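Below: the structure, in structure tokens.
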Amino acid sequence: MAAQPAWQPKEEGLREICTLLEQHISPTSDKSRIWQQLQHYSQFPDFNNYLAFIFARAEGKSVEIRQAAGLLLKNNLRSAFKSLDPTYQQYIKKELLPCLGAADRHIRSTVGTIISVVVQQGRISGWPELLQGLVQCLDSNDPNHMEGAMDALSKICEDIPQELDMDIPGLGERPIDVFLPRFLQFFQSPHASLRKLSLGSINQFIMLMPAALYRSMDKFLQGLFVLAHDSVAEVRKLVCAAFVQLTEVQPSVLEPHLRNITEFMLQANKDSDDEVALEACEFWSTYCEAQVNLELLREFLERIILILLTNMAYADDDESLIEAEEDDSLPDREQDLKPRFHTSRFHGSDEVTDDDDDSFNVWNLRKCSAASLDVISNVYGDDILPALMPLVQAKLSMSGDENWKEREAAVLALGAIAEGCIRGLYPHLSEMVEFLVPLLDDKFPLIRSITCWTLSRFSKFIVQGIGNQKGLEQFTKVLMGLLQRLLDTNKRVQEAACSAFATLEEEAADVLVPHLETILQHLMCAFGRYQRRNLRIVYDAIGTLADAVGEELNRPGYLDILMPPLISKWQQLSNSDKDLFPLLECFTSIAQALGTGFSQFAEPVFQRCMIIIQSQQLAKVDPASAGVQYDKEFIVCSLDLLSGLTEGLGSMIENLVAQSNLRDLLLQCCMDDAPDIRQSAFALLGDLARVCPQYLHPRLSELVTIAAKQLETTQLIESISVANNACWAIGELAVKVRQEISPIVMNVISCIVPILQPAESLHRSLVENGAITLGRLAWVCPEIVSPHMEHFIQQWCIALSMIRDDIEKEDAFRGLCAIMLRDESWEQFLSALEPSEKEKLAKYQI
């Protein structure tokens with residue numbers, strides 16, 4: 001058979017695509033029209049060949065056009081490489097390799113990106129010529145070829161480092177064994193780009209720690225010590241990153257060198273380049289958390305603390321300095337609004353919550369220094385106070401407007417050590433609070449805001465002191481100080497005060513009751529004046545207050561302050577407005593707190609939740625008919641609010657659900673493909689089962705079967721939290737419908753028993769809920785469960801022993817007793833018990 005002729009571009013097609021790419025990179029072009037045309041061309045099987053040809057061979061075209069062709073090729077190959085004709089795959093690969101040594105740096109960089117995508121899609125083993133080509137380039141002594149190959153390798157190492165640590169058919173050694181010696185050799189290169197790329201590539205393997213790197217560790221460390229003094233900041237930053245990662249995953253290899261490494265990190269932490277200093281700063285917390293050689297680090301604490309405190313002062317270019325000038329009359333810009341993530345309802349004892357609200361902000365040297373001081377204080381405790389407090393006191397005593405950043409850093413330091421050094425600080429807490437409260441009125445907004453945060457860090461201990469008159473007065477001062485700052489005209493201070501107050505609420509709980517009217521007046525005044533971003537934090541503070549004081553909130557005078565502004569906002573927002581999310585969450589907490597007192601507001605809230613769920617379910621399949629874009633958060637928040645209503649109103653919810661189609665909507669949500677919708681749906685199912693099980697009766701069999709399906713192994717891997725809520729809901733249904741659940745008992749047990757097996761990877765709450773649900777099933781259907789108990793009784797008892805005593809555990813114990821009663825040896829066991837023990841068991845009809 002004759003060989004297939006090599007692919008060649010047609011002149012006309014080449015010209016058209018080049019023209020299109022030229023328009024594509026023009027700032028004044030019609031982007032949507034060009035995109036449509038590019039999509040049209042992408043339908044042709046050899047379109048990517050044209051892009052490869054333009055990128056690799058169109059010497060007469062500008063670098064910008066060639067680079068545009070390369071980037072478009074990369075994006076296409078990411079989704080379509082595997083479906084390309086093998087001859088076209090081969091053509092593209094062949095065109096890419098020579099570009100590694102291109103004269104233009106942009107072309108070299110772009111080809112590295114494309115090569116990494118091809119390797120991700122087709123694996124190293126599918127492109128044997130690549131390894132040979134890369135080695136030739138690395139060994140060529142030509143700077144362009146060496147840099148091009150290193151650039152491509154650095155991207156492969158970043159995206160898929162494990163690919164280089166695999167056996168390749170036909171190759172005597174793994175790729176990393178071939179490349180690692182060359183990477184180490186480049187540490188001595190006169191070209192900064194090669195030093196940077198080679199070190200960056202090795203760093204990608206530290207977490208994986210392949211055998212090749214472990215064997216070469218001495219050479220690697222020697223190279224790091226040389227590069228530690230590199231003239232290029234990016235290289236020094238990578239050296240710091242290497243030491244941080246090694247401390248985390250392989251600290252033993254650093255043990256002989258720790259003193260020298262610590263000295264280097266102290267210098268790097270003061271580097272004139274902020275990025276080097278930031279990377280070095282990460283070392284202290286990593287070192288402490290790895291528990292490497294804490295006595296050695298103790299020798300350096302005084303110097304470390306001095307550097308950290310110095311670096312905690314605001315840098316002149318810190319974005320917060322600009323933000324701090326904004327008052328609350330300025331509307332928020334869209335980019336000011338943080339992305340929000342609603343957490344679905346979770347029934348269990350170890351729900352994971354992330355209260356770090358800083359994830360949206362830029363991580364910088366100031367924040368890293370404060371975090372490092374926090375970690376150090378938790379490891380060394382009060383031992384750091386003799387070194388730290390004189391520095392803090394010196395900064396606090398610095399007068400003059402020009403020194404405000406130093407004073408602010410000192411207040412930040414006090415907040416950072418609040419947890420770790422509390423034993424040493426506690427005797428002086430009242431003096432510290434007396435000093436801090438006036439700073440809430442400081443002329444500099446960033447001092448006011450950091451004082452709010454620092455006081456919140458001590459809130460637990462401030463609340464603990466209210467047992468005496470002095471402590472109560474101190475608590476009241478802090479409370480009133482934060483409430484006044486809620487009404488600050490500065491947005492940054494508002495945010496800090498509101499967050500700090502929410503923390504104080506959680507600690508104080510019912511201690512807040514005597515101050516409720518004042519608190520509500522301040523919160524609702526803030527609610528009326530805040531812009532959108534800070535308004536979300538007010539919702540959170542209101543919800544936290546409701547959780548903290550519970551039914552104490554259910555008084556006409558309080559409700560007259562709280563509810564009208566919230567209802568007014570509720571009526572202003574459309575069903576597709578995302579600002580509705582925090583309001584729905586806020587109402588959830590209020591409904592739970594007020595209990596039956598929420599009944600006067602319940603019907604419109606219930607109806608709106610139903611409408612939102614229905615419209616979103618329609619939007620998922622037909623956005624045009626629904627009139628809104630689908631967003632699952634609307635469904636999750638609405639389901640959670642319905643759960644809050646159910647929990648608050650109890651059996652009174654039946655008046656609302658009786659004439660609704662909630663049952664059918666709930667069934668759909670329990671089968672949704674989004675785990676967080678299912679999680680909230682099963683939470684609502686369990687809540688409804690508690691108070692109005694009869695309403696669920698027509699769909700009982702389907703609901704229980706779907707809930708049981710969540711406990712299957714494949715579902716568990718997908719979402720532990722969904723399985724947790726489903727398991728809990730089955731247990732709640734079981735104790736209400738009793739024998740009616742019998743048809744699915746064995747199905748549920750077969751899913752629960754594997755959950756009870758010891759496994760660290762499983763969520764503790766799921767094990768607890770599994771043990772309780774198994775007990776409830778045994779209680780209502782002992783005749784079904786008891787014949788199989790030998791297969792799970794030991795694991796079940798172990799799981800039950802780990803659960804705190806409460807009504808749910810009592811239900812499970814009733815189940816244990818119910819199946820024991822069916823065992824012939826039970827009477828013999830009972831007869832051996834002391835009368836007092838028999839009397840206790842009599843409570844359970846034994």
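Sequential numbering from 1 along the given sequence is applied to the chain's residues. Since the structure is predicted, the reported quantities are computational estimates derived from the model, not experimental observations.
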Ser599 (side chain) donor-acceptor with Thr596 (main chain) under 3.5 angstrom: yes
Main-chain N/O of Cys525 paired with Tyr530 side-chain donor or acceptor, under 3.5 Å: no
Close side-chain approach of Leu684 and Leu662, heavy atoms under 4.5 Å: yes
Interatomic spacing from CD1 in Ile706 to CE in Met671 - rounded to 0.5 Å: 4.5 Å
Full working for side-chain contact (heavy atoms from CB on, under 4.5 Å) between Gln494 and Gln531: CA-CA 10 Å; Gln494 291 173 354; Gln531 299 291 345; over 6 Å; no
Lys/Arg-Asp/Glu bridge criterion (N-O < 4.0 Å) met for Arg533, Glu495: yes
Heavy-atom side-chain contact between Cys498 and Asn534 under 4.5 Å: no
Of all pairs that satisfy ring-ring contact (aromatic ring centres under 6.0 Å, His included), the ones with a partner from residues 619-674, not counting sequence neighbours: Phe581-Phe634
Residue pair Gln592, Leu645: steps toward the side-chain contact (heavy atoms from CB on, under 4.5 Å) verdict: CA-CA 7 Å; Gln592 290 170 294; Leu645 276 178; over 6 Å; no
Student check: side-chain heavy atoms of Pro623 and Val628 closer than 4.5 Å: no
Heavy-atom check, side chain of Cys669 versus side chain of Gln617, under 4.5 Å: yes
Intermediate values then yes/no, side-chain contact (heavy atoms from CB on, under 4.5 Å), Leu642 and Ile653: CA-CA 9 Å; Leu642 290 175; Ile653 193 74; over 6 Å; no
Value rounded to 0.5 Å, distance of CG in Leu583 from CG in Asp577: 10.0 Å
Closest contact, heavy atoms only, Cys637 versus Leu584: CB-CD1, 3.6 Å
Member of Lys620, Arg678, Lys632 meeting the side-chain hydrogen bond (donor to acceptor under 3.5 Å, both in side chains) criterion with Asp673: Lys620
Under 3.5 Å: donor-acceptor pair, side chain of Ser456, backbone of Thr503: no
Minimal non-hydrogen separation, Ile741 against Cys781, with atom names: CG2-SG, 4.3 Å
Donor-acceptor pair, side chain of Gln521 and main chain of Ile561, under 3.5 angstrom: no
Heavy atoms of other groups near Gln668 CD, more than 12 under 6.0 Å: yes
Any side-chain heavy-atom pair of Leu535 and Asp579 under 4.5 Å: no
Residue from Asn747, Val745, Ile752 passing side-chain contact (heavy atoms from CB on, under 4.5 Å) with Ile749: Val745
What side-chain donor-acceptor pairs closer than 3.5 Å can you find for residues 601-615, not counting sequence neighbours?
unit_1, atom_1, unit_2, atom_2, d
Arg608, NE, Asn575, OD1, 2.7
Arg608, NH1, Trp570, O, 2.4
Arg608, NH2, Leu573, O, 2.3
Arg608, NH2, Asn575, OD1, 3.1
Ser615, OG, Ile611, O, 3.2
Ser615, OG, Ile612, O, 3.0

Ion pair Glu732/Arg776, N-O distance below 4.0 Å: yes
Flag side-chain contact, heavy atom, 4.5 Å: Glu551 against Leu594: no
Distance, nearest 0.5 Å, that separates CG of Asp540 from OG of Ser499: 7.5 Å
Donor-acceptor contact below 3.5 Å, side chain Arg663 vs main chain Tyr695: yes
Side-chain (Asn769) to main-chain (Trp728) donor-acceptor, under 3.5 angstrom: no
Inter-residue atom distance Asn725.CG - Ile720.CD1, 0.5 Å rounding: 12.0 Å
Min side-chain heavy-atom separation Glu585-Leu641 under 4.5 Å: no
Any donor-acceptor pair under 3.5 Å from Asp510 side chain to Val549 backbone: no
Shortest non-hydrogen separation from Leu486 to His522 and the atoms involved: CD1-CB, 4.3 Å
Thr588-Asp640 side chain donor-acceptor pair, cut-off 3.5 Å: no
Contact check, side chains of Val722 and Asp676, non-hydrogen atoms, under 4.5 Å: no
From OH (Tyr539) to CZ (Arg536), nearest 0.5 Å: 10.0 Å
Closest contact, heavy atoms only, Val463 versus Glu507: CG1-O, 3.7 Å
Where Leu756 and Val767 come nearest, the two heavy atoms and their spacing: CD2-O, 3.8 Å
Other residues, nucleotides, ligands: >12 heavy atoms within 6.0 Å of Gln39 CD: yes
Ser742 side chain to Gln739 backbone, donor-acceptor under 3.5 Å: yes
Distance, nearest 0.5 Å, that separates CG of Asp687 from OG1 of Thr646: 6.0 Å
Exceeds 12 heavy-atom contacts within 6.0 angstrom, atom CD of Gln572: yes
For Leu703 against Cys670, the heavy-atom pair lying closest together: CD2-SG, 4.3 Å
CA sep, side-chain torsions, deciding dist, call: Gln600, Met563, side-chain contact (heavy atoms from CB on, under 4.5 Å): CA-CA 11 Å; Gln600 59 184 304; Met563 294 307 292; over 6 Å; no
